[in-house]
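Accompanying notes for the structure given below.
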Amino acid sequence: GFLPFVIDFTETVHPGAVNHLVIKANNELSESTLPCGTVKDLQNGRRIATPYFDFFNYAGIHRSVFLVTKPKECIIDFDTNYELKGSDAEVRYKIITSQDSSRVVVTLLDAQGYQVQQAEGKENTLSVEQVHLWRVRKAYLYNLKIQIQNENEIVDEYEAKIGIRTIRIDGTKILVNEEPVYLKGFGKHEDFDLLGRAFNYSVAKRDFECMKWTNANCFRTSHYPYAEEWYSFADEEGFLIIDEVPAVGMMRSTRNFAKAGQGGFTAFFQTDTVPQLLKKHCHQVEEMIQRDKNHPSVFAFSLFNEPETTSKEAHDYFAKVFEHARSLDPQKRPLTGALEKNSAPELCQVYMLCDFICLNRYYGWYISGGAEIADAEIKFRDEMDRWAEKRLNVPFIFTEFGTDTLTGQHNLPGIMWSEEYQQEYYDMNFAVFDSYDFVQGELTWNFADFATSEGVMRVNGNKKGVFTRERQPKTSAYVLKKRWETK
Ligand code: GCB
């Protein structure tokens, strides 16, 4: 439901007549589709969705629908890969076309539209002298023009913006163009009042301006791939993206976030539907990488959010997902997934599959919140010491930490749900992060307040936003802005 699909209706369409295209959307959840959940039949005959995750399960069509006509001989796909050579670079490209009869011509244009290089063939290399690199928060985009030519006629043409940059993990560092980057930013949602999850340029623009204002450089597309426009925006703005597949809710509970925080385990990977789920999961990873592989902003793929990870079955399941994903990305980007509290250093059977480790932690909220925050810090440091003892020599990123905060709720001393407590909580978390040099990033939960299912834990949605749902700052936004100015 979060990735594009194409339906070829060449055979059924009536040329010259009025045609009706009817699309039926279904948001029923199950344990053999992603994201996971179930349905409940009420006594009055109504059927409702029961998600195993904490965001509203919108229905209907939220993304653009395009009617496309293509010539028989057409461009189907392309990918690029980069190598830096001093101040120059090589762009290796591969083009897939539907037929082989005509010439493929590829032209690289700079941001002003001047031709940099041209090459022929479906697979070749373009050399770029004095390259303008795509840098974090200082993007430079080239235009890649792909043409199929027959004699002097252009049979098909496709243009895409590309950013020349490399990504590599080296020990505990994340390197972009061989320079270390500390990730600062947010877990987000596609969510806005009245619009739900529908893509809207004004909302996206506001979100990027707010993120830039806080000095952020990264976000995670929690918990599903977003509309493609988000990625193009990030390409232009120089934001890094951890691109996440909708593998969320792999713990049989409507409140896994709270359950996990309190040590409740729910087995998941032992049921009959698991082989079906694995197939769907691999397929969605495939579709995500295929769609997003050419965006310079995408620097890593996240293959899950907070599944059950403590069993051998969980390990075997994810080993297959990672193995499949590794075969798909031409740029061989790092792979990861977000781990919740039960995925402790001694228990987790999955972290070893990840190129860098992402932790979702709520010490001071779901664990020892409020007046107990001093204990929360001790528990947090204890867990971090146990990770440190493992000497994994990989970067650790916090992909979630935060407190529900009602905007305008002020209390001294800070109590849970107040703006003062959100700041106190962040200060404690930052002190812990700064004590471990393998911590290489912090993405707070969440950028903005968002809609969820109703229930006793949520007052008209999740209020962990640093911004309100209307995208106005809570006090803690200033705390982040100040910290990230120099971090
Ligand atoms: C989590 C989940 C996220 C929830 C969050 C929370 O661990 O990954 O989807 O919204 O906790 O606020 O409880």
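As the structure lists them, so they are numbered: ligands from 1, and atoms in each ligand from 1.
Here F55 has no heavy atoms under 4.0 Å from ligand 1, in either its backbone or its side chain. Only the side chain of N462 comes within contact range of ligand 1, with a heavy atom under 4.0 Å; no backbone atom does. Only side-chain heavy atoms of H223 come within less than 4.0 Å of ligand 1; its backbone N, CA, C and O stay farther off.
Remark: ligand 1 atoms within the under-4.0 Å shell around heavy atoms of F450 are 10 (O). If you number the atoms of ligand 1 from 1 as listed, the ones under 4.0 Å from a heavy atom of Y366 come out as 6 (C), 12 (O), 13 (O). Within ligand 1, the atoms closer than 4.0 Å to a non-hydrogen atom of N305 are 8 (O), numbered from 1 in the order shown. Interface atoms of ligand 1 facing R458, defined by a heavy-atom separation under 4.0 Å, are 6 (C), 12 (O), 13 (O).
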Scan the side chains in residues 176-184 for donor-acceptor partners under 3.5 Å anywhere in the protein, sequence neighbours excluded, and list what turns up.
residue : atom : partner : partner atom : Å
N177    : OD1  : T166    : N            : 3.0
N177    : ND2  : W134    : O            : 3.0
E178    : OE1  : R168    : NH2          : 2.8
E178    : OE2  : R168    : NE           : 3.0
Y182    : OH   : E442    : OE1          : 2.6
K184    : NZ   : W484    : O            : 3.0
K184    : NZ   : K487    : O            : 3.1

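With respect to R386 and D382, a salt bridge is recorded, a charged nitrogen being found less than 4.0 Å from a carboxylate O.
The cationic group of R197 lies under 6.0 Å from the six-membered ring centre of Y224 and within 45° of the ring axis, placing it in a cation-pi geometry. The cationic group of R291 lies under 6.0 Å from the six-membered ring centre of Y231 and within 45° of the ring axis, placing it in a cation-pi geometry. Cation-pi check for K464 over Y362 is met; the charged atom lies under 6.0 angstrom from the ring centroid and within 45 degrees of its normal.
At a 4.0 Å cut-off, at least one heavy atom of E306 sits close enough to ligand 1 to count as contact. Not a single heavy atom of F53 sits closer than 4.0 Å to an atom of ligand 1. The shortest heavy-atom distance from Y362 to ligand 1 is under 4.0 Å.
With sequence neighbours excluded, no residue forms a side chain to side chain donor-acceptor pair (under 3.5 Å) with T172.
Residues L133 and L84 have side chains in contact (heavy-atom distance under 4.5 Å, counting atoms from C-beta outward). Inter-residue side-chain proximity for M251 and E340 is flagged as met; some heavy-atom pair is nearer than 4.5 Å.
Taking all heavy atoms of L339, D54, V248, T399 into account, the minimum distance to atom 10 (O) of ligand 1 is reached by D54.
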